[in-house]
Number of protein chains: 2
Amino acid sequence: MPTLKLMDVKSRGLGGLDGILGFHLRLAHGAVYRHFTETFANLDLTQKQVSALWLAAEEPGISQVELGRKLSMDRATTMTIVNRLQDRDFVRRERSDSDGRKQALHVTPTGLAALDEAKVCIAEHEKWLKARFTAAEVEKLVEMLTRIHE
Amino acid sequence: MPTLKLMDVKSRGLGGLDGILGFHLRLAHGAVYRHFTETFANLDLTQKQVSALWLAAEEPGISQVELGRKLSMDRATTMTIVNRLQDRDFVRRERSDSDGRKQALHVTPTGLAALDEAKVCIAEHEKWLKARFTAAEVEKLVEMLTRIHE
DNA sequence: GGGCGATTGTATGCTCCACTAACGATTAGG
DNA sequence: CCTAATCGTTAGTGGAGCATACAATCGCCC
């Protein structure tokens with residue numbers, strides 16, 4: 001038996017870590033995150049910002065807490081996201097008339113234009129991501145991921 | 001047709017975002033990340049640190065670049081991870097004798113003990129995560145996630 | 001209707017992670 | 001032997017998550 005140390009691990013060589021589901025989830029997330037960042041480099045938008053902008057556009061007048069809840073962010077984190085979007089004139093805050101505690105978020109025309117651009121990039125990004133799966137697999141994957149995060 | 005605006009979106013209310021695979025991946029990652037952090041609060045270890053420690057233990061003498069490659073981290077990020085592990089006396093750096101540029105990483109007995117503790121927590125964490133899937137589903141999920149990150 | 005607890009927004013500060021750019025040391029190859 | 005590539009290291013930037021604290025507002029209960 002000659003030395004076959006290099007055969008002990010598979011090509012990537014992750015050893016026992018290879019059986020950890022959470023580990024693969026983190027690596028996959030990282031890979032997608034990297035590709036996303038590349039795709040959105042010229043738009044200068046992050047995943048969070050796009051998600052928040054998208055949601056705010058779909059639900060005009062949504063409060064920050066509600067936005068944060070849907071994206072699983074706490075209030076402080078939501079603040080920084082909304083702040084950045086507001087600094088770039090993508091959304092504006094407006095005191096809710098029905099509840100004085102809430103800020104009603106509204107997407108500006110500038111923000112809508114940015115969102116339209118972003119959606120094109122998202123489509124491209126999703127195409128890259130989904131290219132490795134069949135439609136049925138994508139559906140199954142989304143369903144399983146949903147079981148994790150919902 | 002009365003107003004059924006509230007029926008337009010599903011319970012979570014994600015609207016068009018619901019069809020985006022990358023979005024679900026990010027949410028799922030976030031949920032797992034949160035649970036991981038809870039589970040490891042007393043050990044004061046992060047996912048990255050555990051992964052790095054685990055890998056270093058399985059491949060004694062591994063170089064930092066190699067470690068970073070397997071965990072998809074660049075050199076700078078790997079540095080900060082290894083620094084933290086070294087500060088806590090979990091690993092030690094040793095100049096490689098075969099290649100003067102490389103640092104050979106070795107896990108200390110202290111680090112091994114911490115890793116053993118961590119593996120118990122990992123098992124618990126994985127159990128929580130996998131509870132929502134059948135064994136076949138877990139296998140399929142890992143396989144699909146691998147297609148994304150490899 | 002008055003007070004109290006809950007909710008919301010906000011500000012501050014900490015930690016972690018990822019990336020870039022630079023520099024020095026070392027190695028490998030033409 | 002000299003040049004290009006690799007590796008470790010440092011410093012700086014930015015996004016994101018979280019805890020805490022505080023003020024304003026709302027809802028509810030007595």
Side-chain angles (χ1 to χ4, degrees), chain A residues 26-27 29-38 40-41 43-53 56 61-88 91-105 149, chain B residues 26-27 29-38 40-41 43-53 56 61-88 91-105 149:
Chain A
R26 202 164 54 68
L27 280 192
H29 171 259
V32 171
Y33 176 81
R34 265 184 294 281
H35 185 269
F36 186 101
T37 314
E38 277 177 42
F40 279 76
L43 285 185
D44 194 27
L45 281 170
T46 68
Q47 290 179 329
K48 286 281 170 192
Q49 289 168 24
V50 172
S51 303
L53 191 57
I62 191 175
S63 72
Q64 290 189 177
V65 160
E66 184 63 11
L67 184 65
R69 197 185 63 80
K70 294 193 176 186
L71 299 179
S72 297
M73 305 183 296
D74 63 12
R75 282 176 300 153
T77 304
T78 306
M79 274 291 302
T80 72
I81 305 287
V82 174
N83 280 345
R84 265 192 280 273
L85 292 176
Q86 193 186 33
D87 288 346
R88 296 174 65 178
V91 303
R92 77 190 140 80
R93 289 176 163 104
E94 194 174 289
R95 211 85 213 176
S96 167
D97 46 354
S98 65
D99 188 334
R101 294 168 299 183
K102 295 184 181 176
Q103 293 278 29
L105 300 180
H149 71 70
Chain B
R26 202 162 55 65
L27 280 192
H29 171 260
V32 171
Y33 175 80
R34 265 183 296 279
H35 184 270
F36 186 101
T37 315
E38 279 177 41
F40 279 76
L43 285 186
D44 194 27
L45 281 169
T46 67
Q47 289 179 329
K48 286 282 171 191
Q49 288 168 25
V50 173
S51 304
L53 191 56
I62 191 174
S63 71
Q64 292 190 175
V65 159
E66 184 62 10
L67 183 66
R69 196 185 63 81
K70 294 193 176 184
L71 299 178
S72 297
M73 305 183 297
D74 62 13
R75 283 176 298 155
T77 304
T78 306
M79 273 295 299
T80 73
I81 305 288
V82 174
N83 280 344
R84 267 192 281 270
L85 292 177
Q86 193 186 33
D87 289 345
R88 296 174 65 178
V91 303
R92 75 187 141 81
R93 290 175 161 104
E94 194 173 289
R95 210 84 212 176
S96 168
D97 46 354
S98 65
D99 188 336
R101 293 168 301 183
K102 295 184 180 175
Q103 294 277 29
L105 300 180
H149 71 69

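Reminder, nothing fancy here: chain letters follow the sequence lines and each chain counts from 1. Note that these values count all heavy atoms, side chains included, but never hydrogens, waters or copies made by symmetry. The model shown is predicted, which means the values in this text are computed figures rather than measured ones.
Note on B:Asp74: a base of the nucleic acid sits closer than 4.0 angstrom, heavy atoms only. Heavy atoms of B:Ser63 sit under 4.0 angstrom from primed sugar atoms or phosphate atoms, though from no base atom. Contacts of B:Thr77 with the nucleic acid, taken as non-hydrogen atoms under 4.0 Å apart, include base atoms.
For A:Thr37, no side-chain nitrogen or oxygen approaches OP1 or OP2 of C:dA18 to under 4.0 Å. Neither OP1 nor OP2 of C:dT27 sits under 4.0 Å from any side-chain N or O of B:Lys102. A close approach under 4.0 Å does not occur between any side-chain nitrogen or oxygen of A:Gln47 and OP1 or OP2 of D:dA16. Phosphate contact (OP1/OP2 of D:dG15, side-chain N/O of A:Arg84, threshold under 4.0 Å): present. Note on A:Gln64: a side-chain N or O is less than 4.0 Å away from OP1 or OP2 of C:dT10.
Smallest separation of non-hydrogen atoms from A:Ala52 and A:Ile81: CB-CG2, 3.8 Å. For the pair A:Arg95 and A:Arg101, the tightest heavy-atom approach, listed with the atom from each and the gap, is NH2-O, 3.4 Å.
Between the CD atom of B:Glu94 and the P atom of D:dC7 there is a distance of 18 Å, given to the nearest Å. Residue A:Met79 contributes atom CE, which lies 14 Å from atom C1' of D:dA21 at whole-angstrom precision. Atom CZ in B:Arg92 sits roughly 18 Å away from atom C1' in D:dG8 (whole-Å rounding). Look at NZ on A:Lys48: it is 13 Å from C1' on D:dC18, rounded to the nearest Å. One interatomic measurement links the two molecules: CD of A:Gln103 to P of D:dC26, which rounds to 13 Å at whole-angstrom precision. One can place CG of A:Leu67 at 14 Å from C1' of C:dT8, the figure rounded to the nearest angstrom. Atoms CG (B:Asn83) and C1' (C:dT15) sit 15 Å apart, rounded to a whole Å. Atom P of nucleotide D:dG8 and atom CG of B:Leu85 are separated by 15 Å, given to the nearest angstrom.
Considering B:Arg69, B:Arg93, B:Arg75 as possible partners of B:Gln64, the one that fulfils the side-chain hydrogen bond (donor to acceptor under 3.5 Å, both in side chains) test is B:Arg93.
In summary, the side chains of B:Thr46 and B:Arg84 do not present any donor paired with an acceptor at a separation below 3.5 Å, with no hydrogens or angles considered. B:Thr77 and B:Asp74 share a side-chain donor-acceptor pair at under 3.5 Å.
Toward the 5' end of DNA chain D, the nearer of the two residues A:Thr46 and A:Arg101, judged by each one's closest nucleotide, is A:Thr46.
For C:dG9, its base sits under 3.5 Å from the side chain of A:Arg75 at one donor and acceptor pair at least.
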